[in-house]
**Q** 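Let me give you the structure first, and then I'll get to my questions.
None of these values were measured; they are calculated from a predicted model.
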Amino acid sequence: MEEIGVGYFVVPKKGNYQLKLDGEIDSGEVEVLIKNSQSNSTVYENAKDHIEDEQLVHLDEGSYKIEVRAKDMKEKHVSLSYTIKIANK
């Protein structure tokens, strides 16, 4: 499993947030995790060769880490694209 990208964001107020995710990889799976930075608990996880997901997620006030990984790759070099949007509902 290869870590591709890491991002951070802060939630100013506890509530429901709209998550929109689009990602794909040409070999293996793209895995996206969102974790609470303080507790390291996973609040969102998805892994597929092509992810299209839109849903409400409940987030507490605090900081969060987004991890994007490539896993189960059958090729040495792969193409990966992803977009992640988290917004107030």
Side-chain angles (χ1 to χ4, degrees):
M1 187 172 331
E2 297 287 328
E3 188 169 85
I4 302 300
V6 175
Y8 299 90
F9 66 97
V10 174
V11 173
K13 189 169 105 176
K14 177 180 177 176
N16 292 322
Y17 290 82
Q18 185 70 36
L19 168 71
K20 187 173 183 177
L21 171 63
D22 187 16
E24 79 181 291
I25 192 168
D26 63 356
S27 175
E29 291 185 336
V30 58
E31 179 179 49
V32 177
L33 297 116
I34 299 176
K35 295 181 175 185
N36 182 298
S37 294
Q38 291 178 339
S39 67
N40 204 36
S41 62
T42 301
V43 296
Y44 178 85
E45 182 175 5
N46 201 333
K48 295 179 187 172
D49 62 342
H50 183 88
I51 301 172
E52 286 185 57
D53 192 15
E54 190 169 346
Q55 63 177 280
L56 281 178
V57 291
H58 183 80
L59 300 173
D60 292 328
E61 180 180 335
S63 61
Y64 290 82
K65 178 180 180 181
I66 300 171
E67 298 177 7
V68 180
R69 302 176 183 161
K71 66 182 213 175
D72 300 330
M73 298 177 299
K74 295 165 186 52
E75 305 292 328
K76 188 173 183 173
H77 301 283
V78 297
S79 294
L80 169 75
S81 66
Y82 63 91
T83 57
I84 301 169
K85 181 179 179 182
I86 300 171
N88 292 348
K89 180 60 187 156

**Q** Rounded to the nearest 0.5 Å, what separation is found between the CG atom of N88 and the CD1 atom of I86?
**A** 11.0 Å

**Q** State the CG-CG distance between L19 and N16, to the nearest 0.5 angstrom.
**A** 12.0 Å

**Q** Looking at residues at least two apart in the chain, or sitting in another chain, which of them share a side-chain hydrogen bond (donor to acceptor under 3.5 Å, both in side chains) with E45?
**A** none

**Q** Do L33 and I51 land in one hydrophobic cluster if side-chain heavy atoms of ILVMFWY residues count as linked below 4.5 Å?
**A** no

**Q** What residue pairs, at least two apart or across chains, pass salt bridge (Lys or Arg N to Asp or Glu O under 4.0 Å) with a residue in residues 7-17?
**A** none

**Q** Applying ring pair (Phe, Tyr, Trp, His ring centres under 6.0 Å) as the test, list every pair that has at least one member in residues 18-61; sequence neighbours left out.
**A** none

**Q** Does the side chain of L59 reach to within under 4.5 Å of the side chain of V43, using non-hydrogen atoms?
**A** yes

**Q** So how far is it from D49 CG to E29 CD, rounded to the nearest 0.5 Å?
**A** 7.0 Å

**Q** With rounding to the nearest 0.5 Å, note down the distance linking CD1 in I34 to CD1 in I66.
**A** 5.0 Å

**Q** With the 4.5 Å side-chain cut-off for hydrophobic clustering, are V57 and V32 part of the same group?
**A** yes

**Q** Can you name the ring pair (Phe, Tyr, Trp, His ring centres under 6.0 Å) partners of F9, sequence neighbours left out?
**A** Y64

**Q** Give the minimum heavy-atom separation between S79 and D26, together with the two atoms involved.
**A** N-OD1, 2.9 Å

**Q** Atom CG of D53 and atom CG of N46: how far apart are they, to the nearest 0.5 Å?
**A** 5.5 Å

**Q** Could you tell me which non-hydrogen atom of L56 sits nearest to which non-hydrogen atom of Q18, and how far apart they are?
**A** CD2-OE1, 3.5 Å

**Q** Using every non-hydrogen atom in the two residues, find where V78 and S27 come nearest and quote the distance to one decimal.
**A** CG1-CB, 3.6 Å

**Q** Hey, could you give me the CZ/CG distance between R69 and L80, rounded to the nearest 0.5 Å?
**A** 13.5 Å

**Q** State which residues pass side-chain contact (heavy atoms from CB on, under 4.5 Å) with Q38; sequence neighbours excluded, sorted by chain then number.
**A** N36

**Q** Are side-chain heavy atoms of V68 and V30 found at a separation under 4.5 Å?
**A** yes

**Q** How does the hydrophobic cluster around V6 look, that is, which other residues are in it when side-chain heavy atoms under 4.5 Å mark a link?
**A** Y8

